[in-house]
Structures are given as structure tokens and as C-alpha cells.
Amino acid sequence: MAVRPLFRLPGRTSPARRCVFSPSLLLMVLWQQHLRCHCLYDPVGHIESARLYGNIDEYAYYYVDMLIGTPPQRVSVIVDTGSGVTAFSCRSCKHCGHHIDPNFDFDSSSSAKWVPCEDEICRSTCLGVDTPHCGYQQSYTEGSSISGWYFQDFARIGDFMQHNPPVRMMMGCHQDEHKLFFTQAANGILGLRPPAGEAASLLENLFADQEHVDARVFSLCLAEWGGRMVVGGYNSTEHTGEIRYMPMVVSGGYYYVPLGSMVVDGRTLRGNFGKAMIDSGTTYTYMASEPYRSLKTAIESYCKEHDDCGVTWRGPCVEALHGLSRFPPVEVWFDSGRVKTVWDARGYFYRKGETITHCYAFQDDGPRANTVLGASWMLHHEIIFDFREKRVGVAPANCPEVKERPFYDAKQAAEPSPTAPPGGSSPLSAQVASRSDASADAGSSVSSSLLAGALAVVALGMLGGSRLLRRTSASARAAPPVQPAQAANANIVDSTGGSPERISEEDARLLKA
């Protein structure tokens with residue numbers, strides 16, 4: 001079954017068909033505009049949408065807001081397709097850093113419940129001396145680690161403006177943070193990898209909640225600053241090219257794709273890319289030494305033949321007064337040369353702050369390394385993870401820029417979620433996420449006024465026939481930003497010592513370059 005886009009333009013009507021004014025249709029269209037301006041949950045299409053924040057240079061990751069508990073408390077979590085646990089700092093933590101949001105207060109949530117060691121859903125170890133809890137311990141290859149206790153509570157993706165429905169799930173309450181988890185601005189991590197760990201991931205919980213969301217498809221669209229996450233579909237309105245699909249192999253809790261080669265200016269790069277996984281929690285794109293050197297040499301050789309690509313070179317960085325448009329695109333070929341995607345200079349370079357300096361966003365991971373397609377590879381594309389068809393879609397897109405985070409009002413977050421427009425009619429089945437945080441804020445009062453006006457229009461129409469009538473959180477900058485040099489490769493290491501599951505012969509064939 002084909003994946004339904006988040007938005008479809010209406011088809012052309014035949015000459016014989018006439019457009020007849022309908023008050024209810026007008027109300028539905030205006031309600032759809034209301035959904036668009038607020039990135040609201042779409043109950044008919046079973047689609048959730050949420051703003052992403054962060055960037056490559058200052059944060060070295062992208063994060064999303066979540067509302068946890070009753071009444072809801074906001075936490076910020078890194079969007080990570082390379083790990084499975086959803087966990088964040090708690091007030092009871094003995095060694096946690098200072099983050100964007102206050103540490104989650106377990107005792108203030110009436111719906112929170114610790115997971116005891118003897119519970120059947122606890123497939124981990126017991127932690128704690130006086131009051132043992134079902135616990136977790138996770139370490140990452142760049143040296144950071146977290147540990148804590150599992151609990152169950154209601155969780156919603158996004159802030160109060162999205163009104164996404166809550167799902168009860170098992171999450172981690174940090175009791176100890178080290179290195180990057182201690183110093184980062186975000187409170188924790190949102191693991192989006194497929195089922196493989198000892199605790200059910202957010203996606204697994206959403207899979208079970210088919211009444212509210214179709215989690216078999218989700219997408220990430222990363223801009224230089226921020227972006228958007230969609231669960232239940234994707235947003236085709238900002239695509240600038242076709243979606244290219246390739247096989248997706250889920251193995252050991254990771255998303256693998258059959259990367260075969262890269263081509264620059266007609267020259268195929270040397271080296272073996274090995275197995276390639278998509279990991280939004282890894283800042284840069286990592287590859288083995290030979291393809292790394294080949295890619296770097298190909299880009300620089302091209303520029304030497306083309307007036308230095310209009311930039312001034314400073315080692316691995318460039319000063320690009322007039323931008324990066326003269327750099328060569330990198331063709332990235334998948335599925336034995338059947339699927340071509342394009343990685344342009346806005347992705348394989350990252351910008352240093354607001355300056356004209358850009359540096360390489362791909363790194364050498366050693367002579368025998370596999371490939372990690374990190375956030376830098378995902379930039380300016382919508383990456384679609386389709387479990388139904390076992391495939392990944394890549395579409396070039398003008399992903400929404402989101403720099404400023406809305407002010408959080410706990411009282412407003414606790415209000416009931418709207419699921420239908422006034423009058424009980426169902427909204428259109430395709431939600432369009434807002435193009436930017438600014439447009440969402442600006443459209444807030446406008447769309448509300450339109451809705452009020454629409455009700456009056458409908459009333460008049462029924463009576464008279466055919467008359468047609470940045471605000472930023474104060475603590476958003478309090479925590480020191482993570483430096484990209486520290487971010488390294490954030491692939492998760494399972495502390496339980498479990499070995500990755502074996503790849504089937506069919507999957508191995510798909511992954512073979």
C-alpha cells in the first residue's frame with residue numbers, strides 16, 4: 001500500500017463540474033488552516049507533527065519537546081534513530097546537569113508509576129538499594145553514559161500547541177548522567193530505533209495506539225536550524241524533488257540502507273562503504289578511511305579546476321562570502337545503483353554560527369569502519385521511514401527553519417486536545433505542518449479569528465442562502481552548548497551485552513553494495 005502524503009493538492013475538475021459554495025466545506029477548509037498554523041494533531045489522518053530544534057554547530061543534535069505526566073511537564077529530548085530508550089533527567093537525580101527544562105518531577109505527576117523489578121515488562125536489571133527499581137544503563141561510543149529507573153506515565157510528542165494525543169509508555173528517569181549527557185542543553189533522549197532493546201520504544205507504544213496514530217510511517221525533515229518530525233506520514237508540500245525509495249533493513253535495532261557508491265563530477269569514489277545505517281543522533285556522517293579521503297580529494301580537486309568554488313580555503317573549512325552554490329553535488333547511490341540521491345554542499349559542510357565559515361561535516365571513522373549517515377546527510381531532505389513497505393524514502397525539501405522555542409504554559413498544556421472542528425464535523429484528513437515557527441505564531445490569532453468568522457459565515461449561509469460572504473524560554477540558552485568536536489559518533493552500545501541479531505540472507509543481499 002502506498003504511503004499517503006500529509007498533504008495533497010486537489011485535482012482539476014472536469015468542465016462539466018461546477019464549484020458550489022458549501023458552508024460546511026468552508027468551515028472545514030478554515031479549520032484545516034487552523035491545523036496548519038498550529039501543527040495540530042490530525043485525528044482523521046492519524047498524523048502527529050512536532051517542531052524540531054537545534055543544529056549541527058551550536059547544539060550538535062536536533063531535539064523535540066515532549067509533555068510527560070499529569071499535569072504535563074515539558075522535557076526536551078534528542079531525536080535519535082540510533083537508540084531505543086526514551087529517558088531524561090529527573091528531580092531525584094543524584095548527578096544530572098542543568099538543562100533547558102526543569103528536571104521531571106515524578107512526585108508531581110498523578111499518573112506516574114515506577115516499574116518494579118518483578119513486573120513482567122521489566123526485562124532489565126534492578127537498580128537501587130533501599131527501594132529497587134527496574135533500571136537501565138546505557139553508554140555511547142563517544143564516552144557519555146546514563147543510568148536510571150524505568151517508570152510508566154503518559155507522554156505526548158511536541159508542545160501544547162500540537163495537541164498530540166498522549167500514550168502511556170515506559171520511560172527512563174535519569175539518576176546519573178556523565179559527559180555529554182551532563183553538559184548538553186537537552187534534558188534527555190528520544191530513541192526512535194526499531195524494536196530490539198529490553199524496553200518498548202516510543203514507536204512500539206505508538207504502534208499499539210492505532211486508534212490515534214498510524215506509527216508505521218514517520219519522517220524527519222532537518223533544516224540548518226530546527227525542522228519537523230511527523231508520525232503517520234510525511235509532508236510533501238515542501239518537497240523540491242521526487243521521493244526516492246530504497247530498501248530498509250531493520251537489524252539489531254538499527255535502520256540499514258544499501259549504500260553502494262558516491263560520485264562527484266562523474267568520478268566514482270574509491271573504497272568500500274560497508275553497511276550503512278541512518279542515525280539522526282550522530283552529528284556528522286562517518287565512513288571508512290578510503291572513501292573519506294576519496295570524497296575529500298574529489299571535492300577539492302573539482303574546486304581547484306573551478307576557481308576554488310568561489311571560496312577561500314582554510315584547511316578543512318572555507319570562507320564562503322557568496323555561499324556554497326558553486327560546490328559540486330555528491331551523488332549518493334543506493335540499491336545497486338538503482339536509486340540516486342543528491343548530497344549538496346549545504347549538507348557536507350556545516351556553518352559555524354552565523355559566520356561565513358563552513359567546515360566539513362563528514363569524518364574518517366577508521367580503515368574498516370562501516371558508514372553512519374548522520375544528521376549532516378539528512379539535512380535539507382525529508383527522510384521517510386516506512387515500516388509497511390520496509391523502505392526508506394529520501395526527498396529534497398525546504399524543511400521549516402525553527403530557531404525560537406514557544407513559551408511553555410503548563411495550564412494551557414493541560415487543556416483537552418481538540419479532535420474535531422466546531423459543529424462536530426471531521427477535519428480534512430491531511431494536516432500540513434507550519435513552514436516556520438514564526439508563521440505558526442503569526443497564524444495563531446489569525447486562524448482563531450478565521451474560525452470565529454467561519455461560524456458566523458455558516459450561520460448566515462444557512463439563514464440567507466448563497467451569501468458568500470519568538471518568544472524564547474528564559475532558560476533556553478542557560479546550558480552550555482555541545483561542541484561539535486565532542487559529538488563524535490553517538491552510536492549506542494548496549495550495556496546488557498546482547499549481540500546484534502543475525503541478518504537474513506535476503507537482507508544481506510539488499511545491503512550488499
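The analysis underlying the following values was restricted to heavy atoms, covering all of them including side chains, and did not include hydrogens, waters or symmetry mates.
- The pair Arg405-Asp101 meets the salt-bridge criterion, with a side-chain N (NZ, NE, NH1 or NH2) lying under 4.0 Å from an Asp/Glu carboxylate O.
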Derivation of the side-chain contact (heavy atoms from CB on, under 4.5 Å) call for Gln152 and Ile121: CA-CA 11 Å; Gln152 288 185 312; Ile121 65 174; 3.4 Å; yes
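- In terms of heavy atoms, Ala361 sits closest to Ser376 at O-OG, 2.9 Å.
- For an aromatic pair to be called close, the ring centres must be under 6.0 Å apart, and His174 with His95 fails this.
- Counting only N and O atoms by type, the side chains of His99 and Glu177 include a donor and acceptor under 3.5 Å apart.
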Residues Glu382, His239; criterion side chain to side chain donor-acceptor pair (under 3.5 Å); working and verdict: CA-CA 8 Å; Glu382 184 158 33; His239 292 182; 2.6 Å; yes
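- Aromatic ring centres of Phe218 and Tyr234: separated by at least 6.0 Å.
- Between Arg51 and Asp65 there is no salt bridge, since no side-chain nitrogen of the basic residue lies less than 4.0 Å from a carboxylate oxygen of the acidic one.
- Ring centroid separation for the pair Phe88 and Phe104 comes in under the 6.0 Å cut-off.
- Results of the ring-ring contact (aromatic ring centres under 6.0 Å, His included) test with Tyr136 over Phe151, Trp149, Tyr150 single out Tyr150 as the only residue that passes.
- You'll find the ring centres of Trp114 and Phe106 inside the 6.0 Å limit.
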Verdict with reasoning, Ile78 to Gln184, per side-chain contact (heavy atoms from CB on, under 4.5 Å): CA-CA 10 Å; Ile78 295 173; Gln184 70 186 25; 3.4 Å; yes
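- Seen from the ring of Phe387, Arg216 does not count as a face-on cation partner, given the 6.0 Å and 45° thresholds.
- Two rings, from Phe385 and Tyr255, have their centers less than 6.0 Å apart.
- Side-chain N or O atoms of Asp279 include one that pairs as donor or acceptor with a backbone N or O of Gly82 at under 3.5 Å.
- Residue Thr282 forms a side chain to side chain contact (heavy atoms under 4.5 Å, CB included) with just one option from Asp80, Val372, Leu373, and that option is Val372.
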Chi angles and distances behind the side-chain contact (heavy atoms from CB on, under 4.5 Å) call for Thr371, Met277: CA-CA 7 Å; Thr371 301; Met277 63 175 287; over 6 Å; no
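- The distance between the ring centers of Phe362 and Tyr286 does not fall below 6.0 angstrom.
- Legend: residues meeting side chain to side chain donor-acceptor pair (under 3.5 Å) with Gln73, ordered by chain and number and at least two apart, are absent.
- Judged purely by atom type and a 3.5 angstrom limit, Arg168 uses its side chain to pair as donor or acceptor with the backbone of Ser111.
- To the nearest 0.5 Å, the span separating CD1 on Ile146 from CG on Asp176 amounts to 10.0 Å.
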From CA spacing to verdict: ring-ring contact (aromatic ring centres under 6.0 Å, His included), Tyr284, Tyr360: CA-CA 9 Å; Tyr284 303 135; Tyr360 281 134; over 10 Å; no
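- Side chain of Asn103 to backbone of Arg91: no donor-acceptor contact under 3.5 angstrom is found.
- A salt bridge links Arg228 with Glu238: at least one charged nitrogen is closer than 4.0 Å to a carboxylate oxygen.
- Judged by distance alone, the side chains of Ser147 and Gln138 never bring a donor and an acceptor atom under 3.5 Å apart.
- Here the shortest heavy-atom pairing between Arg156 and Pro72 reads NH2-CG, 3.4 Å.
- A ring-centre distance under 6.0 Å is not found for Tyr53 and Tyr62.
- Of all non-hydrogen atoms in Val64 and Ala50, the two that sit nearest each other are CG2-CB, 3.8 Å.
- Panel note: side chain Glu389, backbone Asp386; no donor-acceptor pair is recorded below 3.5 Å.
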Verdict with reasoning, Ser110 to Thr70, per side chain to side chain donor-acceptor pair (under 3.5 Å): CA-CA 6 Å; Ser110 61; Thr70 308; 4.6 Å; no
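- A distance below 2.5 Å between sulfur gamma atoms is not met by Cys93 and Cys90.
- Across Asn55 and Tyr59, no two heavy atoms sit closer than the pair OD1-N, 3.4 Å.
- When all heavy atoms are compared, the tightest approach of Ala395 to Gly241 is CB-O, 4.4 Å.
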Derivation and outcome, side chain to side chain donor-acceptor pair (under 3.5 Å), residues Ser139 and Gln137: CA-CA 7 Å; Ser139 60; Gln137 294 176 314; over 6 Å; no
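- At least 2.5 Å separates the SG atom of Cys134 from that of Cys126.
- Between the Asp119 side chain and the Cys122 main chain, no donor and acceptor come within less than 3.5 Å of each other.
- Within the cation-pi definition used here (under 6.0 Å to the ring centroid, within 45° of the axis), Arg193 qualifies as a partner of Tyr254.
- Across every non-hydrogen atom of Asp57 and Gly353, the tightest pair is OD2-N, 2.8 Å.
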Residues Thr81, Leu220; criterion side-chain contact (heavy atoms from CB on, under 4.5 Å); working and verdict: CA-CA 10 Å; Thr81 60; Leu220 298 173; 3.9 Å; yes
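- Taking a cutoff of 4.0 Å between a charged side-chain nitrogen and a carboxylate oxygen, Arg346 and Glu224 do not qualify as a salt bridge.
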